Amino acid sequence: MLFLDMLKEKVLIFDGAMGTSIHTYELSADDYWGNENCSEILVESRPDVISEIHASYLAAGCDAIETNTFGGSQVVLKEFNLADRAYKLNLEAAHLAKQVAADYSHSGHKRFVSGSIGPTTKLPSLGHITFKELKDAYYQQVAGLVDGGVDVLQFETGQDLLQAKAAIVAMLDYFKKVGRALPIIVQVTIEAPPLGTMLVGSDISAALAALEPYPIDVIGLNCATGPTEMIDPIHYLCNNSPKAVSALPNAGLPENIDGRTVYKLTPDELAQSLNYLARELGVNIIGGCCGTTPDHLACVVEVVGNVCPKVRQIEFTPSVASLYTAVPLHLDPPPLIIGERTNTNGSRKFKQLLEDEDWDGMVSMAREQEREGAHILDLCTAYVGRDETKDMSVLVKRLNTELQIPLMIDTTEYPVLQTALELIAGKPIVNSINLEDGEQKLLEKVDLVTRFGAAAIALTIDEEGMAKTTKHKLEVARRIYNLATKAGMKPENIIFDPLTFTLSTGAEEDRKLGIETLRSIRLIKDTLPGVKTSLGVSNISFGFDPHIRQILNSVFLHYAVEAGLDMAIVNATKILPLYRIAEGEREYHRKLIFDERSPHYD
Ligand code: THG
């Protein structure tokens, strides 16, 4: 039976700690080839020890064992001058575990081998390593594990969502290369309350939002705490995640006794807690991390062995996320506010700050919009004569950690987009994709969007140009929808922007541009199920006096929301609620938008 089939049938029990078991052996410096603390080398130097440990967990009744490869990426092995052995170590570790699992599978109880991939010692969000370096290192590790025959890949102890994304991208790239895919487990580590976040500050909602778009099978938690301290985030996953959930806690919170780290949870205590997580909350995979022993797992098997997974009632909320937390893609009441001012094309002040390279000033503008109530921030660093990629990179590096709200990357340039996406730990929005340069170019961008698990604004622009009629807008939207969903994007991550044009020209052919945009919002949402909509609202009033602009933007936003708009790129401080606008004035603007002209109107 295959791993994913088994996962549907029963709560799977993974093994316990490898490190804790290794420490029960008296190993010499020679066993470590002089690299004490590099336990991955034991696969080559003392395969008997590693085999015995694997066997001890299988004898305890576990369904799966993890390869001894937690620190098996070049990034970690480099610290022991063993970087060039990464592929081979992972390959051999996989062979070893598979051999032991095969020995124990004869009883009719199929045992699985999960390829363990740790977080390394570097945090990309803090600039310790680039996304590309990390992904390339993981790729070698993944290659060794997959070639070695593991049944499933397991990124674990994630402290930074960029580590997790780098590992997932490496896995997907390797699957593509060899033409076959394995199930994927992704586990993050949430520090004990009162912190309750990952090491770099992400809460469980940010983790779920950033990881959920990927074709992975399990999202869960391991390490840092015992099972009881995991209850809140595990509860969140069980209520909100469409994927299977795993929980591999330590044997309690680590305690420091006489300079030694000890874990005090007894086998029965661990088993009772995991029993609760599985039967009451609906966790699909349980097991142990630091401090858990074969005795612990034997007790877990006794208490939670052969349990059918609980059917969970989940409420999945399509969201984006900053490094810190998730923001739903639909607010009740709408709209979601996207701050427009951190844009060289939308603010003279921002443009000047960029020219002066006043990075602190630009970060201040971003934070100001956050304080003013923006839920998401649009960011554009296009400036003729400057290096847009470099400017974007400097700003995104800072905003990734200095902003609580998610980012929207506003650029037409592929390299700018790629650079930004490699620096963002949460789940951003790409602004934008469109058909201006044909289907091939669109698909290249969609590929980038899905590679980073992002959402995207899709503009209704095709090879003919910007769609101005409702019919044309819907036609372009439908084409993009079909192409993007076929390429792996989920409808809820596609945000259609049917374009806003100014009503200030007075030209006859422009009079109905507002109506067409409003109509197309409703039509797009009715025709393309699950998608979201957005508008760059301030475009409606380009060319008018500042006072008129404020009223027209506010009134137009009102009707757009009435038509079903989910989000709007605006200046939050300049939007007035309708009751604050005198009725006569409101009526002038309504007539302008809906083109209800009287003889002396203009
Ligand atoms: N759709 C999508 N993205 C977009 C747009 C859109 N991004 C850019 C733009 N359109 C939305 N952003 C703005 C930002 C500012 C203004 C208009 C749209 C604006 N600024 C004033 C001006 O230019 O007069 C303020 C100038 C200043 O402060 O210096 O109007 O439609 N997806």
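Everything quoted here is computed from the prediction, not taken from an experiment.
- Side-chain contact between Phe175 and Val146 is present, with at least one heavy-atom pair separated by less than 4.5 Å.
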Could you check Thr502 against Leu513 for side-chain contact (heavy atoms from CB on, under 4.5 Å), going step by step and ending with a plain yes or no?
CA-CA 8 Å; Thr502 182; Leu513 289 175; over 6 Å; no
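- Asp63 contributes a side-chain N or O that, together with a main-chain N or O of Ile13, makes up a donor-acceptor pair within less than 3.5 Å.
- Considering only heavy atoms from C-beta on, Leu483 stays 4.5 Å or farther from Ile480 through its side chain.
- Note on ring orientation: taking the six-membered ring where Trp is involved, the planes of Phe452 and Phe131 are tilted (angle from 30° to 60°).
- Side-chain atoms of Asp217 come within 3.5 Å of backbone atoms of Ile184 as a donor-acceptor pair (strictly under, hydrogens ignored).
- Note on Glu422 versus Lys135: no salt bridge recorded, every NZ/NE/NH1/NH2 to OD/OE distance being 4.0 Å or above.
- For Arg312, the CZ atom counts as densely surrounded, since its 6.0 Å shell holds more than 12 non-hydrogen atoms of other residues, nucleotides or ligands.
- Residues Asn553 and Asn571 have side chains not in contact (no heavy-atom distance under 4.5 Å, counting atoms from C-beta outward).
- Looking at every heavy atom in both residues, Ala568 comes nearest to Pro335 through N-CB, 4.4 Å.
- Side-chain atoms of Thr342 do not come within 3.5 Å of backbone N or O of Leu379 as any donor-acceptor pair.
- For Pro309, the side chain to side chain contact (heavy atoms under 4.5 Å, CB included) partners are Asn284, not counting sequence neighbours.
- Evaluated for a side-chain contact (heavy atoms from CB on, under 4.5 Å) with Glu370, the options Ile376, Leu377, Leu399, Ile405 yield exactly one hit, Ile405.
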Before giving the answer on salt bridge (Lys or Arg N to Asp or Glu O under 4.0 Å), spell out for Glu516 and Lys512 the whole-Å C-alpha distance, their side-chain angles and the decisive distance to 0.1 Å.
CA-CA 6 Å; Glu516 302 283 347; Lys512 302 233 185 284; over 6 Å; no
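- Here the CG atom belonging to Leu211 is positioned 9.5 Å from the OG atom belonging to Ser202, to the nearest 0.5 angstrom.
- By the 4.5 Å heavy-atom criterion applied to side chains, Val430 and Leu421 are counted as neighbours.
- Among all heavy-atom pairs drawn from Ala477 and Phe496, the shortest one is O-CZ, 3.2 Å.
- The side-chain heavy atoms of Ile494 and Thr485, taken from C-beta on, include a pair separated by under 4.5 Å.
- Side-chain atoms of Tyr174 do not come within 3.5 Å of backbone N or O of Ala181 as any donor-acceptor pair.
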| message | Is there a side-chain contact (heavy atoms from CB on, under 4.5 Å) between Leu448 and Tyr414? Walk through the geometry before answering. | response | CA-CA 9 Å; Leu448 202 53; Tyr414 186 98; 3.6 Å; yes
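- In this structure, Lys427 contributes its side chain and Leu208 its backbone to no donor-acceptor pair below 3.5 Å.
- Residue His375 comes nearest to Pro406 through the heavy atom pair O-CD, 3.2 Å, listed as atom of the first residue, atom of the second, then distance.
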- Task: List the steps and the verdict of salt bridge (Lys or Arg N to Asp or Glu O under 4.0 Å) for Lys441 and Glu436.
- Result: CA-CA 9 Å; Lys441 286 277 184 254; Glu436 187 174 3; over 6 Å; no
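- Although no hydrogens or angles enter the test, the distance criterion places no donor-acceptor pair under 3.5 Å between the side chain of Arg586 and the main chain of Tyr579.
- Counted by atom type alone, Thr157 and Asn222 present one or more donor-acceptor pairs between their side chains at under 3.5 Å.
- Closest non-hydrogen pair, Lys532 versus Glu492, comes out as CG-O, 3.8 Å.
- Separating the CG atom in Leu578 from the NE2 atom in His589 is a distance of 11.0 Å, to the nearest 0.5 Å.
- A salt bridge links Asp136 to Lys132: one of the charged nitrogens lies within less than 4.0 Å of a carboxylate oxygen.
- Listed for the Ser347 side chain is a donor-acceptor partner under 3.5 Å among the backbone atoms of Phe350.
- Taking OG1 of Thr381 as the reference point, atom CE of Met392 lies at 4.0 Å (rounded to 0.5 Å).
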**Study point:** Steps toward side chain to side chain donor-acceptor pair (under 3.5 Å) verdict (Gln187, Ser246)
**Key:** CA-CA 8 Å; Gln187 288 172 172; Ser246 62; 2.8 Å; yes
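- Side-chain N or O atoms of Gln369 include none that pairs as donor or acceptor with a backbone N or O of Ala374 at under 3.5 Å.
- With hydrogens and angles left out, the side-chain atoms of Thr389 and Glu413 include no donor and acceptor closer than 3.5 Å.
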side-chain contact (heavy atoms from CB on, under 4.5 Å) between Leu535 and Thr500, worked out: CA-CA 7 Å; Leu535 288 178; Thr500 314; 3.5 Å; yes
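- Of the possible polar contacts, none joining the Ser520 side chain to the Leu474 backbone as a donor-acceptor pair under 3.5 Å is found.
- Ser241 places no side-chain N or O within 3.5 Å of a backbone atom of Cys238 that could act as its donor or acceptor partner.
- Atom OG1 of Thr411 sits about 10.5 Å away from atom CG of Asn343, to the nearest 0.5 Å.
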Note to self: Applying salt bridge (Lys or Arg N to Asp or Glu O under 4.0 Å) to Lys574 and Glu340, what does each step give before you reach the verdict?
What the structure shows: CA-CA 11 Å; Lys574 293 273 174 68; Glu340 71 176 16; over 6 Å; no
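- Contact of the Tyr139 side chain with the Lys177 side chain is registered, since non-hydrogen atoms from C-beta on lie closer than 4.5 Å.
- Here the closest heavy-atom approach between residue Thr419 and residue Ser393 is recorded as CG2-CB, 3.7 Å.
- Around the CD atom of Glu463, the shell of radius 6.0 Å holds more than 12 heavy atoms that belong to other residues, nucleotides or ligands.
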**Message:** Run the side-chain contact (heavy atoms from CB on, under 4.5 Å) test on Leu518 and Phe594 for me, step by step, so that the C-alpha distance in whole Å, both residues' side-chain angles and the decisive distance to 0.1 Å come before the verdict.
**Reply:** CA-CA 10 Å; Leu518 293 179; Phe594 290 94; 3.7 Å; yes
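- By the 4.5 Å heavy-atom criterion applied to side chains, Thr460 and His472 are not counted as neighbours.
- Note that CZ of Arg479 is 4.5 Å distant from CG of Leu435, once rounded to the nearest 0.5 Å.
- Residues Asp203 and Ala326 approach most closely at OD1-N, 4.4 Å, considering heavy atoms.
- Between Thr517 and Ile540, the closest side-chain pair of non-hydrogen atoms is not below 4.5 Å.
- Partner of Leu329 under the side-chain contact (heavy atoms from CB on, under 4.5 Å) criterion, chosen from Thr317, Asp566, Val320: Val320.
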For Arg590 and Glu587: C-alpha separation, side-chain torsions, deciding distance, then whether salt bridge (Lys or Arg N to Asp or Glu O under 4.0 Å) applies. CA-CA 5 Å; Arg590 190 191 63 75; Glu587 188 58 7; 2.7 Å; yes
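- In this structure, CD1 in Ile593 is found 10.5 Å from CD in Glu596, a value given to the nearest 0.5 Å.
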